[in-house]
Amino acid sequence: MIIPRIVHPTFKPHPASYRYFWGWLNAVFNKVDYERIKDVGPDRAASEWLLRCGAHVRYKGFDKWQQDYNGLPTGPLGKYKIQAIHATESCIMYRGFDYLDGLEHTEEIKLCKCIYIEDTCLERLSKINNLQESLRRLEIISCGNVTDKGIIALNTLR
């Protein structure tokens, strides 16, 4: 038997409950699926992660930015290599940065107004060997949880 719950018409949940829900959901979106990386390759898996979190990617040899998760290109594995990442107001966070380990062609990363980007993310980014070779441009704009410590950690990037 289902007992209906009576809620007063002016009842509004506390805003903190919304924050908790979105924080939890974003953490789920950022969970790394290592089996998926093995199955489809690092660029496809990273594309799925980035698009799920609201970022855009551009593939090597293409001008168009991919922004629709359901419109991810199909074709032979390894055909689409991420050349650029544009994360404006996306929910990417440290937890998902393992997706970036296998990227070998990423030349540009833009992080703009990403509330979950913090110093540890930049420290992690600076230690990704493949990015040491390929990254040419990194923009960090209005990411409020980044301090001088995070920026200083980037000094190891070439």
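For the pair Ile109 and Leu125, the minimum side-chain heavy-atom distance is below 4.5 Å. Two residues are said to be in side-chain contact when any heavy atoms from C-beta on lie closer than 4.5 Å; Ile141 and Lys113 fail this criterion. Side-chain contact between Phe97 and Ile117 is present, with heavy atoms from C-beta onward closer than 4.5 Å. Residues Leu103 and Ser134 form no side-chain contact, since every pair of their non-hydrogen atoms from C-beta on lies 4.5 Å or further apart.
The CG atom of Leu138 sits 6.0 Å away from the CG atom of Leu154 when rounded to the nearest 0.5 Å. Rounding to the nearest 0.5 Å places CG of Asp43 at 6.5 Å from NE2 of His105. A distance of 8.5 Å separates SG in Cys121 from CG in Leu111, rounded to the nearest 0.5 Å. Here Phe62 contributes atom CZ and Gln83 contributes atom CD; the two are 11.0 Å apart, rounded to the nearest 0.5 Å. Once rounded to the nearest 0.5 Å, the distance linking OG of Ser47 with OH of Tyr99 reads 11.0 Å.
Listed by chain and number, the residues in a side chain to side chain contact (heavy atoms under 4.5 Å, CB included) with Glu133 are Arg158 (sequence neighbours excluded). Applying the side chain to side chain donor-acceptor pair (under 3.5 Å) test to Arg124 and every residue at least two apart in sequence or in another chain returns Asp98, Asp101. Scored by the side chain to side chain contact (heavy atoms under 4.5 Å, CB included) test, Arg136 finds Glu107 as partners (sequence neighbours excluded).
Hydrophobic clustering of Ile, Leu, Val, Met, Phe, Trp and Tyr side chains at less than 4.5 Å, counting indirect connections, unites Leu135 with Trp49. Tracing side-chain contacts under 4.5 Å through hydrophobic residues (I, L, V, M, F, W, Y), one reaches Leu122 starting from Leu157; they form part of the same cluster. Tyr116 and Leu51 are members of different hydrophobic clusters when ILVMFWY side chains are connected at heavy-atom separations under 4.5 Å.
Within the structure, the side chain to side chain donor-acceptor pair (under 3.5 Å) test picks out the following pairs touching residues 63-81 (sequence neighbours left out): His56-Gln67.
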Name every donor-acceptor pair, under 3.5 Å, that has one atom in a side chain of residues 85-94 and the other anywhere in the protein, sequence neighbours excluded.
from  : atom 1 : to    : atom 2 : distance (Å)
His86 : NE2    : Thr88 : OG1    : 2.9

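Between the side chain of Glu104 and the backbone N or O of Ile82, no donor-acceptor pair lies under 3.5 Å. Side chain of Thr106 to main chain of Ala84: no donor-acceptor pair is present (N/O by atom type, distance under 3.5 Å, no hydrogens or angles). At least one donor-acceptor pair closer than 3.5 Å links the side chain of Asp119 to the backbone N or O of Thr147. Ser126 contributes a side-chain N or O that, together with a main-chain N or O of Ala153, makes up a donor-acceptor pair within less than 3.5 Å.
Residues Glu48 and Arg44 are paired through a salt bridge, judged by an N-O separation under 4.0 Å between the basic side chain and the carboxylate. Salt bridge absent: Lys110 and Glu108 never bring a charged side-chain N and a carboxylate O closer than 4.0 Å.
The minimum heavy-atom distance between Asn30 and Cys53, with the atom names listed, is ND2-SG, 3.7 Å.
By the 4.5 Å side-chain criterion applied to Ile, Leu, Val, Met, Phe, Trp and Tyr, Val40 is assigned to a cluster that also includes Leu77.
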